[in-house]
Each structure stands twice: as C-alpha cells, then as structure tokens.
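Counting convention: from 1, in listed order, for ligands and their atoms alike. Computed over heavy atoms, backbone and side chain alike; hydrogens, waters and symmetry mates excluded. None of these values were measured; they are calculated from a predicted model.
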Amino acid sequence: MGKIEIVLNSLPMSGGDGPFSYSKNSNLQRRTASLLKEKIDKLIIGKLDAKTLISDSNNRFLIADLGCATGPNTFFLVEDVIKSVETSLESNSLKTTKPEFLVFFNDLPKNDFNTLFTSLPQDRSYFAVGVSGSFYGRVLPQSSVHIVVTVGATHWLSSVPKEVLDKSSKAWNIGKVHYSNAADEVVKAYGEQFGRDMEKFLEARAKELVSGGLLIVGMCGIPQGMPFSDLADSIMYTSMADVLMQMQSEGLISEEQVDTFNIPIYSASPEEVKVLVEKNGCFIVESMELMDPTAWLKQPMNEEDVRQWMVCIKATMGSLFINHFGDHLLDDIFDRLTVKLVKLTDKVETSYRDKVMLFFALKRK
Ligand SMILES: C[S@@+](CC[C@H](N)C(=O)[O-])C[C@H]1O[C@@H](n2cnc3c(N)ncnc32)[C@H](O)[C@@H]1O
C-alpha cells in the first residue's frame, strides 16, 4: 500500500452515531469552534461583498466545509456562516432577493458520508452536496465557491514525512509517535511536510474561490519559536509512546510496529502560514491570530475533563491506531492511556494551553 493510501484509509473519524462515534464525541471540537463564531460573523459582515458576489452568480451563494467529518459540528458551522451572510445582506440598504445557498461537504473518501447525510438538519435552508477527496488537491470547480471554511482539519498532514520512517535517516523517529520532544531533524521533517501540504492547499483554494471570496481556517497552532514539548498535547503524545512501548514489552505489538507509528499532525505558527500565503500570492490576509481553544473551560482541568478529552481523542485518532495495530488493541491502548493521563492531570493543567488554536482568514484577490 502506498503512503498516500495509508493516510487516506486511516484518517477518517470514528463513523456512525453510536456511543463511541465522532458524531457523539466531538463536543470538545464544537466548543472550540464556537469560539470562532463571532470572528467569522465579523469577517463575513465586514470583509465580504455578499451582494455583489450573489448578483454575479445568478442569486446563488456557495459554501464549502473542508474536513467536515460526520456532523453535527459541520451543520452548526454552515448555519452560522449562512446567518452571517443573511445578516450582511439585510444590513445592506438596497433590498435583495434571498439567495439560494449550496453547501459542499468535503472529507476523505473513507469518511462516513452516510451518517453525515442521514443526519442533515430537516429544516435546513441550503442544498447539500457531498465531495469526497483530499483537500490537498482540487475538490471543487474553478472559481465557484464564495466561502470555504475548515475547522480542525488542516493540521492533519497528507502523510507522515517519509524521512521519519526511514531507518537510515537522522529523522528516523524511533521510540516516539510525534515530533514533540523528538530530534531536530524530526521537527524539521514535519515542518517541511506542513509547508508542502499548505502550499498545495492554498493553490487549490486559490483556483476554487471566486475573486472576493473568503477562506476561513481554524487549526492547531503554536506561538513562533515555542517548543511543542511545552504544550499539554505533548504529555499525551509522550504517554502514547510509553503505552505502546509497555505493550511491546508485553509482546502485544512488535518493535517494528512501534517504531513505524507516527501521528501526522502539525501545529503551525502564524508566521509560518504568512510566509506560505505570501509565496502563493493570491490572497490578502484579513485575520491571522492565535486563540485559546479552552477559553470555555470555567475551572481548572480535573480528572473527568482528562477522561472526556481521551474519549474525544479516541473518536478522532482511533482509526490511525486501528489501521496500524489492529481493531482488537484499540480499547486496551486507550484504557492504558487514560489511566496514565488521569494521573498526570496536574501536569496537563499547568502546561501551556493558551494560544494553541490558529485562526486565519484570507480573501481571494
Ligand atoms: C477532527 S475532524 C474535524 C471535523 C469537523 N470539522 C469538526 O470541527 O468537528 C478532522 C476531519 O478532517 C478530515 N481530513 C483530514 N485530512 C483531510 C484531507 N486531506 N482532505 C479532506 N479531509 C481531511 C478528517 O477525515 C476528519 O473528518
């Protein structure tokens, strides 16, 4: 199986709508995304000439959510976007006819589109289309969409950097599952992979968005120059590696399996993204900032919060583990991980969690 196929097969979130599915365990992502609502509203009202765009496109307004998963978060997000566009049109002194909204729901081919489409809100005010394929390539027609949104998806790399899996390379990431606390060469390989991926992402969106359209992105971020090991997620990745090594010592998994398992997630700094946007040349930066994704947490993180966090992570990253280690070990891996992390609640609570969500909005020139 090729590298690309591995990622395409292993990324999608846990499907269906059962108790362990992504659709039932994505409330952390929902709370995080809700922090973006106000910003998105302001951007659409202040920076998008909705009236002109709609009259140029036969009274249609096209929205795409890239990396939509199975819902319901994607439905809340597109409804918020539609409301903002409607508010923008209402505040326009000239009367306009209500546009028809068309929404493209995009995700990887193995995403559970059946669950997504069977749970589409009955009372929705838009037409819905499913678009399967990687957003690191073209997924939409040329100059067709007015707003592209993507939340919690573009930190997923298109693949694990190849050097990290190469035994003869200095970036061979032995004993670790991520670039956190890893050799400089590993950090560099992940950063370069993100650069190549984001370049392709921007190129594709530049072709798909109409002039004046908006690209709105929420993803994992980090202040420039901060080592990933300062972040709470680093404790999780280190604990994952510990759990896998413990299971290896018990003969449950092989050394080869542990050494070749890496999580293809990258947290970018605003500065890194700005350089790529400038290189692309097709967009104006309307907003670029780091936010606290846990701003909604009212009190210090407790053991129950850590357990909930792991349920969400299992629904989100579970398929990576299933693909690599097999279905039969998933519960064991996550039970051990949860026990480990619950004991580290204080450490998680005191580690850096402030500005680890990157929000940016670009306008197509
Ligand atoms: C954590 S989920 C976020 C889902 C949803 N946006 C939300 O906020 O709940 C990330 C989604 O991005 C999708 N994804 C990752 N890489 C992708 C790619 N290259 N192309 C399309 N979708 C991708 C995954 O399959 C997954 O459904």
Hey, which atoms in ligand 1 end up nearer than 4.0 Å to a heavy atom of [X]?
X	answer
Ala69	4 (C), 27 (O)
Gly133	20 (N), 21 (C)
Tyr136	19 (N)
Thr316	1 (C)

Can an N or O of [X] be found at a distance shorter than 3.5 Å from an N or O of ligand 1?
X	value
Val151	yes
Ala153	no
Asn73	yes
Gly152	no
Ser134	yes

For [X] and [Y], which I'm curious about, is there any donor-acceptor pair between the side chains at under 3.5 Å?
X	Y	result
Gln246	Asp242	no
Ser169	Asp166	no
Asp112	Thr70	no

Problem - Ion pair Arg205/Glu208, N-O distance below 4.0 Å - result: yes

Exercise for the section: May I ask you to say whether Asp331 pairs ionically with Lys314, meaning some side-chain N is under 4.0 Å from a carboxylate O? Expected result: yes

Practice task
Might you confirm whether atom CZ of Phe117 has over 12 heavy atoms from other residues, nucleotides or ligands at distances under 6.0 Å?
Solution key: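 Yes - once you tally the heavy atoms of other residues, nucleotides and ligands closer than 6.0 Å, there are more than 12.
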
Practice task
Have a look at ligand 1 and work out which part of Asn106, if any, has a heavy atom under 4.0 Å from it: side chain, backbone, both or neither.
Solution key: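 Side chain only.
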
Practice task
Of the side chain and backbone of Asp107, name the one, both, or neither that has a heavy atom under 4.0 Å from an atom of ligand 1.
Solution key: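 Under 4.0 Å from ligand 1, Asp107 contributes backbone and side-chain atoms.
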
Practice task
May I ask you to decide if Ile265's main-chain N or O and His178's side chain share a donor-acceptor pair within less than 3.5 Å?
Solution key: yes

Problem - Short side-chain to backbone donor-acceptor contact, Asn106 and Val131, under 3.5 Å - result: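 Yes, because the side chain of Asn106 sits within donor-acceptor range (under 3.5 Å) of the backbone of Val131.
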
